[in-house]
Every structure is written in structure tokens, then in C-alpha cells.
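Take a look at the structure below.
Computed from a predicted model, the values in this text were never measured in an experiment. Numbers here are sequence positions counted from 1. As the structure lists them, so they are numbered: ligands from 1, and atoms in each ligand from 1.
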Amino acid sequence: MTEKRDYYEVLGIQKGASEDDIKQAYRKAALKWHPDRWVSGTDAEKKTAEEKFKEASEAYSVLSDPQKRAKYDQFGFAGVDSGAGPDWSQGFGNLNDILNNLFGGNFSFGGGGFSGFESFFGGGGRSQGPRTLRGRDIRTRVTLTLEDVASGCTKEVSIERNRPCPDCNGRGAQNESDIKTCPTCHGSGQVQRVVSSLFGRTVTYEACPQCGGEGKSVSNPCKRCGGSGMERRRETVRVKIPAGVEDGMQITVRGEGNSAPRGGVNGDLLLVVSIQQHPQLKRDGANLFYTRVISVTDAMLGTTIDIPAIGSTQKLKVDPGTQSGTVVRMRGQGLPSVNGYGRGDLYVKVLVWIPRKLRGSDKEAIEKLAQSEAVKPDPTRDDRELFEKESQYF
Ligand SMILES: [Zn+2]
Ligand SMILES: [Zn+2]
């Protein structure tokens with residue numbers, strides 16, 4: 001695929017678009033590009049439509065979720081999980097269902113009406129077959145140091161999860177022939193319920209209570225797993241974590257969550273990033289902050305100090321005559337940004353400590369120094385900005 005287009009551009013909306021604008025834009029795109037609308041198109045047209053529909057759906061899935069949208073706004077595609085957007089392995093979904101989910105049931109493609117009402121008379125129908133089971137996601141925390149964040153890292157995460165039973169390969173039955181069509185829903189996975197409402201009778205569909213929507217029932221269950229097809233295991237997953245991640249970010253590892261029985265789809269492993277406090281460095285995004293107290297003589301004479309930068313100690317030259325509170329920027333000594341472009345800076349704040357007690361010869365030396373013109377504040381000489389503060393409130 002060519003370069004990804006900006007999600008707002010895909011939906012043709014402005015960055016500050018309201019939730020409703022986003023829905024409307026996606027509705028428009030779905031009506032235009034959903035593969036159901038192109039069944040009689042050429043192969044090339046079908047392919048374009050499919051791409052466009054997927055692109056719009058991915059954009060919608062991110063922008064319609066306030067948290068994902070905020071991350072996308074801040075970090076671009078890097079803030080969004082790779083493989084964001086709906087899972088298309090089960091097909092594109094029914095267009096009516098998509099539109100109904102958007103606006104709570106008032107839209108139906110092919111001219112207004114209530115989709116439930118229509119399907120009651122065999123109009124739209126519900127093309128969805130039995131539900132393929134999907135294993136539940138597993139959410140866990142991964143703790144990183146700032147060093148991990150700086151370089152990116154690989155972490156081993158130990159999780160307990162459902163995996164296919166080795167005796168029956170997840171079937172739950174001893175033999176393939178022991179899996180039968182569910183007698184309650186006849187394999188559709190759904191049961192109908194008729195509801196009377198203001199608009200007449202409408203039909204809703206629910207997951208079949210006997211088979212849980214699977215459309216299959218198991219006789220002669222596997223002895224090892226008792227028919228569940230699953231076995232609980234503690235396993236270790238190695239996860240690559242990109243550089244620059246921030247506290248609270250979530251990393252999605254596709255397919256590493258719980259498995260589902262009978263050929264179902266694996267859930268995901270969701271890692272919530274937690275970052276350990278560094279003993280000396282504070283972090284804000286890609287920038288780091290460090291405060292260091294130096295002596296009054298070092299401030300006057302100048303010195304070199306060691307900065308505990310990430311990865312290695314850096315030397316910082318403090319000029320003679322450095323005022324307390326001076327902030328020095330060490331360019332590029334911060335963290336890499338999560339989207340992979342550039343690096344932050346390390347800001348060092350220098351504070352000067354004035355000794356509280358002086359004795360004997362020390363006191364004499366300072367008293368002698370006090371006679372010098374060099375230590376008398378003189379606004380006409382240097383540090384005009386500092387002296388301007390004399391005329392301000394704190
Ligand atoms: Zn059933
Ligand atoms: Zn089994």
C-alpha cells in the first residue's frame with residue numbers, strides 16, 4: 001500500500017470536527033464505498049471501493065474514540081496501534097448494521113425506513129451468519145525505565161491465558177463428527193424476538209442462548225478440557241516496545257490474548273505502559289529535566305558538572321558568572337519521540353547554594369571580597385533582565 005493518508009483527510013473533515021461530523025462523514029463514505037454497493041462493478045472498481053471503505057473505517061474507528069483520537073492528534077499514526085481499525089477477517093459487515101450502529105437505528109440503505117421493520121418483511125434481511133468466537137483480550141501492565149524508553153526494548157510478559165486444548169485441538173469434542181448444528185437456532189447462531197413498538201412490530205436478533213451464537217453444539221466432549229476446547233496456561237510473550245512511549249499508552253499485540261474454541265479468533269494482548277520514576281531526571285514528553293545545585297564559588301568561577309543523561313554521563317560547562325536559576329538546554333539529549341522523528345532535549349537548571357555559616361579565615365576572605373567593586377550589584381553593567389525584576393512584584 002502507498003503512504004497512509006491523514007485520517008481527517010480520509011473522511012474529508014477538519015481537525016476540530018465534532019463527533020457528529022465524524023459520524024456523518026463516515027456514513028457518507030460507507031454509503032459510497034461499502035463493497036455491497038459495488039457488487040456489479042468491475043474488479044478494479046471493487047478493489048478501489050474495498051480499499052476506500054477500509055481506509056474510511058480505520059479512520060472512523062480511531063477518530064470516533066476520544067482517547068484514540070487524542071493520541072492520534074498528538075502523535076500521528078505512531079500514537080495509534082499498528083493495525084488500527086476493524087478486523088476484516090469476518091468480511092465487511094452488513095451495511096445496514098454499520099449505519100444502524102452509527103445513528104441508533106434510523107438509517108437504512110436503499111431509502112429510509114426502519115431496518116428492523118424491513119427485515120421483518122424480508123426486505124433487508126440479516127446476512128450475518130453464526131458468530132465466530134473471538135477470545136477475550138488480556139490487559140496487563142508493563143513497567144519500563146527511562147533507559148528502556150530511550151532505546152526501545154523487548155520485554156517478556158508472563159500471562160495466563162486460554163489456549164487450544166492439545167487433545168482436541170480446540171474442537172472441544174473427541175471427533176469432528178461430534179460437533180453438530182445447534183438444534184435451537186439451526187446453525188444460524190441467532191434467535192428472533194418480535195417486539196411491538198410505536199412503529200409496529202419489529203424483529204430483533206439475539207445470540208442463541210443454547211450455543212452462545214456459535215451455531216454448533218458438542219456431543220461426546222473431550223475428556224481433557226470437558227468440551228470447552230480450551231486450556232488455561234501461563235505463558236511468556238516477548239513484546240517489542242518502540243522507543244519514546246509514554247506512561248499510560250497502550251500497546252496492542254494482535255492475537256496474543258485468549259484463544260477461542262473451535263477455530264475462533266484469538267483476542268489481543270493489551271499492554272499498558274507504566275514508566276518508573278528516574279531518581280534524578282523528570283520527563284515531559286520527549287524532553288527531560290534535571291536540577292543541580294552548585295556552590296557560590298563554582299557559580300562565580302565557572303565549572304564543569306556531570307549530568308546523568310540517559311545512557312551515559314554528559315559533561316556540562318557552567319560559565320563563570322552563572323546566576324542561580326539559569327536553565328541550560330542540552331540539545332538532543334532528551335528522549336526519541338514516539339513517532340520516530342527527532343529527539344527531545346535535556347534542560348538543566350542550575351541553582352546556587354549560599355553557605356549559611358562562615359567561620360574564621362573563610363569569613364575574613366568573604367569580608368575582604370565584599371570590599372570589591374566586582375561583587376556590588378550594578379544594573380548598568382550586566383544582567384539588565386535580572387535588575388528589571390526589582391521593579392516587579394514577585
Ligand atoms: Zn444455537
Ligand atoms: Zn480438549
Side-chain angles (χ1 to χ4, degrees), residues 36 86-98 100-101 105 108 114-140 157-197 201-237 253-269:
D36 284 359
D87 176 3
W88 302 115
S89 60
Q90 311 305 318
F92 291 105
N94 179 293
L95 180 54
N96 274 330
D97 293 348
I98 293 170
N100 288 339
N101 284 337
S108 170
F114 297 89
S115 69
F117 203 68
E118 263 183 23
S119 53
F120 186 61
F121 296 105
R126 181 136 162 151
S127 61
Q128 215 176 34
R131 188 158 58 101
T132 305
L133 295 181
R134 184 178 184 278
R136 267 183 306 133
D137 294 341
I138 297 172
R139 187 185 297 263
T140 188
V157 184
S158 169
I159 47 169
E160 210 183 295
R161 60 184 178 183
N162 292 333
R163 290 273 118 173
C165 163
D167 279 11
C168 63
N169 281 323
R171 279 194 310 266
Q174 305 218 344
N175 302 296
E176 197 67 56
S177 59
D178 295 324
I179 303 169
K180 302 238 160 55
T181 301
C182 168
T184 303
C185 62
H186 309 292
S188 73
Q190 313 178 71
V191 289
Q192 284 188 13
R193 199 158 64 92
V194 180
V195 181
S196 297
S197 77
R201 295 202 299 161
T202 58
V203 176
T204 62
Y205 293 84
E206 295 174 344
C208 167
Q210 186 178 343
C211 62
E214 241 188 301
K216 294 169 198 150
S217 72
V218 172
S219 57
N220 197 10
C222 164
K223 291 205 170 60
R224 181 168 178 148
C225 63
S228 71
M230 293 287 106
E231 194 169 80
R232 200 91 182 132
R233 263 180 252 155
R234 179 159 283 283
E235 292 180 323
T236 301
V237 182
V253 191
R254 291 252 173 258
E256 294 289 356
N258 288 297
S259 296
R262 286 173 281 288
V265 181
N266 284 0
D268 299 331
L269 172 61

2.8 Å cut-off met by an N, O or S atom of His186 to the Zn ion (ligand 1): no

Flag the pair Arg224 and Glu231 as a salt bridge only when some basic side-chain nitrogen lies within less than 4.0 angstrom of an acidic carboxylate oxygen. yes

Are Asp268 and Arg134 ion-paired here, with the side-chain N under 4.0 Å from a carboxylate O? yes

Have a look at the Zn ion (ligand 1) and estimate, to 10 degrees, the angle subtended by SG (Cys211) and SG (Cys208). 100°

Can you check the angle at the Zn ion (ligand 2) formed by SG of Cys225 and SG of Cys168? Round it to the nearest 10°. 110°

Rounded to the nearest 10°, what angle sits at the Zn ion (ligand 2) between SG of Cys222 and SG of Cys165? 110°

Polar contact flag, side-chain donor to acceptor under 3.5 angstrom, Ser259-Asn266: yes

Would you check, one step at a time, whether the test salt bridge (charged side-chain N to carboxylate O under 4.0 Å, His left out) holds for Arg233 with Glu160? CA-CA 5 Å; Arg233 263 180 252 155; Glu160 210 183 295; over 6 Å; no

